[in-house]
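Shown next, in structure tokens, is the structure this report addresses.
Every heavy atom of this structure was used, including side-chain atoms; hydrogens, water molecules and symmetry mates were not. Remember, it's 1-based here, ligands and their atoms both numbered in the order they're listed. Quick note: residue numbers are just sequence positions, from 1.
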Amino acid sequence: MDMTEYLRRVPKVELHCHVEGTLRPETVADLAAKHGIDLPTDDISTIYDYDTIYEFLETFRFVNSTVIDREDFARVAFETLEDGVRSGNLRYREMFFNPTLHITRGVPLATVVDGFIDGIRRAEAELGVGCRLIADVYRQDSAEDTMAWLEELIALDRPEVIGLGMDAAEAPDPPEKFAAVFQRAGAAGLRRTSHACEDGPPVNITTCLDELGCERLDHGYHILDDPEVVARCRDAQIVFTVCPTSTARVYGWPDLTTHPINAMIEAGLKVMLNSDDPTMFHTDIGKEYVDFCGQNGHSVGLVRELVLNGVDGTWLPDAEKAAMRERFTAELDALEAELDPAP
Ligand code: ADE
Ligand code: ZN
């Protein structure tokens with residue numbers, strides 16, 4: 001087996017993937033036809049062509065306007081898990097969804113959540129892949145509106161929803177805006193993470209840890225601007241869910257060999273790889289490993305570390321995490337034994 005096949009086949013956990021950024025273009029076309037929505041282009045294959053985070057967020061909003069009924073949400077959740085299994089041997093994902101994107105256009109929160117859960121259960125039964133949900137705060141929203149849906153979500157009390165996260169444009173809305181929201185989530189037993197240092201300063205990480213109660217962090221690249229914050233996160237073994245391709249595209253690190261993820265690894269930070277918004281960035285979880293590890297010539301030892309960092313970063317109960325670590329280790333051993341010797 002060559003390195004590319006090996007990288008596709010290693011078992012994977014994913015902790016940073018927005019379900020709304022995973023819609024297949026054909027599914028967008030189908031759902032638009034179903035609901036009588038006009039597409040902005042005649043060529044659906046060009047729907048995900050853009051260059052900035054702002055254009056990206058606009059497209060994100062449009063494609064999701066086609067997802068309306070409970071069955072639509074179920075279809076989207078099932079298909080993205082199927083894509084993860086097929087492209088990269090995905091075994092478990094903690095998947096973001098964005099409540100305000102849907103409730104502000106009149107879709108009830110229960111329709112969104114229960115639809116996604118239907119899709120997750122079908123994927124688990126048919127494909128053997130596990131999945132849990134993380135509700136994402138949209139930073140440009142008000143704290144009051146966010147608290148309102150959070151209360152509704154807590155009242156729904158669905159066990160598949162295990163955490164709160166935060167996305168959208170970081171620079172204009174720093175994390176302290178949502179400290180009370182995150183504290184309420186923690187009091188209700190939700191785990192917490194947040195996008196941080198994607199294009200904001202290292203102080204955002206300190207705020208996420210100290211005021212929001214985050215246990216892991218999404219992205220984190222600009223942490224490298226502050227060695228003290230790096231040392232703190234390294235010592236606390238905070239897991240960073242990094243995304244090579246999406247940030248290469250919209251944050252200006254097109255060359256993966258000079259992407260700050262490498263410097264984060266060298267600094268001793270605990271990182272694991274993710275696809276972020278895979279269809280929207282023309283990637284998948286297998287390709288993230290192939291491109292990032294392949295282009296950097298990373299060793300199988302480092303690949304193993306990245307994979308197992310993903311397991312450690314999950315919010316599964318300790319016993320399930322330990323069992324997953326054991327299964328993944330055995331599978332990595334077997335795959336390494338099949339790998340062609342280095343030339
Ligand atoms: N929404 C979906 N993906 C995102 C990302 N990587 N950064 C900010 N907001 C997002
Ligand atoms: Zn993201």
Side-chain angles (χ1 to χ4, degrees), residues 13-23 28 47-48 50-65 67 76-77 80 83-84 93-104 112 116 131 133-141 146 163-175 177-178 192-201 204-205 208 212 214 216-223 239-254 256 259-261 264 271-285 287-288 292 310 313:
V13 155
E14 194 167 29
L15 304 176
H16 185 161
C17 179
H18 304 261
V19 62
E20 293 93 347
T22 71
L23 275 61
V28 174
I47 190 123
Y48 293 141
Y50 38 75
D51 292 311
T52 68
I53 182 76
Y54 298 95
E55 288 169 6
F56 159 81
L57 290 170
E58 205 175 297
T59 305
F60 193 78
R61 189 172 290 280
F62 170 75
V63 294
N64 281 285
S65 71
V67 188
V76 165
T80 180
D83 289 345
R93 181 187 280 167
E94 289 172 5
M95 182 160 74
F96 295 126
F97 73 104
N98 209 306
T100 49
L101 194 62
H102 309 296
I103 59 181
T104 52
V112 177
F116 284 144
C131 185
L133 292 167
I134 303 172
D136 251 1
V137 171
Y138 193 83
R139 287 175 197 275
Q140 276 68 59
D141 289 345
T146 307
L164 190 74
M166 176 154 65
D167 63 20
E170 181 183 4
D173 286 286
K177 176 175 170 188
F178 294 101
R192 286 161 285 171
T193 185
S194 177
H195 286 44
C197 281
E198 190 178 13
D199 65 345
N204 284 1
I205 286 186
C208 286
L212 274 58
C214 291
R216 63 181 191 230
L217 294 163
D218 307 307
H219 297 299
Y221 320 108
H222 289 283
I223 191 176
V239 169
F240 287 84
T241 70
V242 301
C243 307
T245 300
S246 70
T247 51
R249 272 281 299 282
V250 294
Y251 286 106
W253 294 298
L256 293 182
H259 195 292
I261 295 169
M264 291 171 76
V271 312
M272 45 82 65
L273 303 181
N274 302 270
S275 63
D276 204 358
D277 302 280
T279 55
M280 295 192 68
F281 286 110
H282 307 280
T283 187
D284 58 63
I285 188 60
K287 188 171 187 298
E288 294 296 328
F292 181 72

Exercise. With sequence neighbours left out, what residues match Phe96 under ring-ring contact (aromatic ring centres under 6.0 Å, His included)?
Worked result: His16, His18, His195

Problem set entry | Geometric cation-pi criterion, Arg61 with Tyr138: 6.0 Å, 45° | yes

Problem set entry | Sub-6.0 Å ring centroid separation between Phe56 and Phe281 | yes

Problem set entry | Test of ring centre spacing under 6.0 Å for His222 and Trp253 | yes

Exercise. Just by distance, do the side chain of Thr241 and the backbone of Leu15 share a donor-acceptor pair under 3.5 Å?
Worked result: no

For this session: Using 2.8 Å as the cut-off, count the protein N, O or S atoms closer than that to the Zn ion (ligand 2).
Result: 4

Problem set entry | Atom of Cys197, atom of Ile223 and distance for their closest heavy-atom approach | SG-N, 3.8 Å

Problem set entry | Sub-6.0 Å ring centroid separation between Phe292 and His259 | no

Exercise. Any side-chain donor-acceptor pair under 3.5 Å between Thr146 and Asp141?
Worked result: no

Pick out the protein N or O atoms lying less than 3.5 Å from any N or O of ligand 1, and list each pair with its distance.
from: ligand 1; atom 1: 3 (N); to: His18; atom 2: NE2; distance (Å): 3.2
from: ligand 1; atom 1: 3 (N); to: Asp277; atom 2: OD1; distance (Å): 3.3
from: ligand 1; atom 1: 3 (N); to: Asp277; atom 2: OD2; distance (Å): 2.8
from: ligand 1; atom 1: 6 (N); to: Glu198; atom 2: OE2; distance (Å): 3.1
from: ligand 1; atom 1: 6 (N); to: His219; atom 2: NE2; distance (Å): 3.3
from: ligand 1; atom 1: 6 (N); to: Asp276; atom 2: OD1; distance (Å): 3.3
from: ligand 1; atom 1: 6 (N); to: Asp276; atom 2: OD2; distance (Å): 2.7
from: ligand 1; atom 1: 7 (N); to: Glu198; atom 2: OE1; distance (Å): 3.0
from: ligand 1; atom 1: 7 (N); to: Glu198; atom 2: OE2; distance (Å): 3.0
from: ligand 1; atom 1: 9 (N); to: Ala168; atom 2: N; distance (Å): 2.9

Problem set entry | Residues in side-chain contact (heavy atoms from CB on, under 4.5 Å) contact with Glu58, at least two apart in sequence or another chain | none

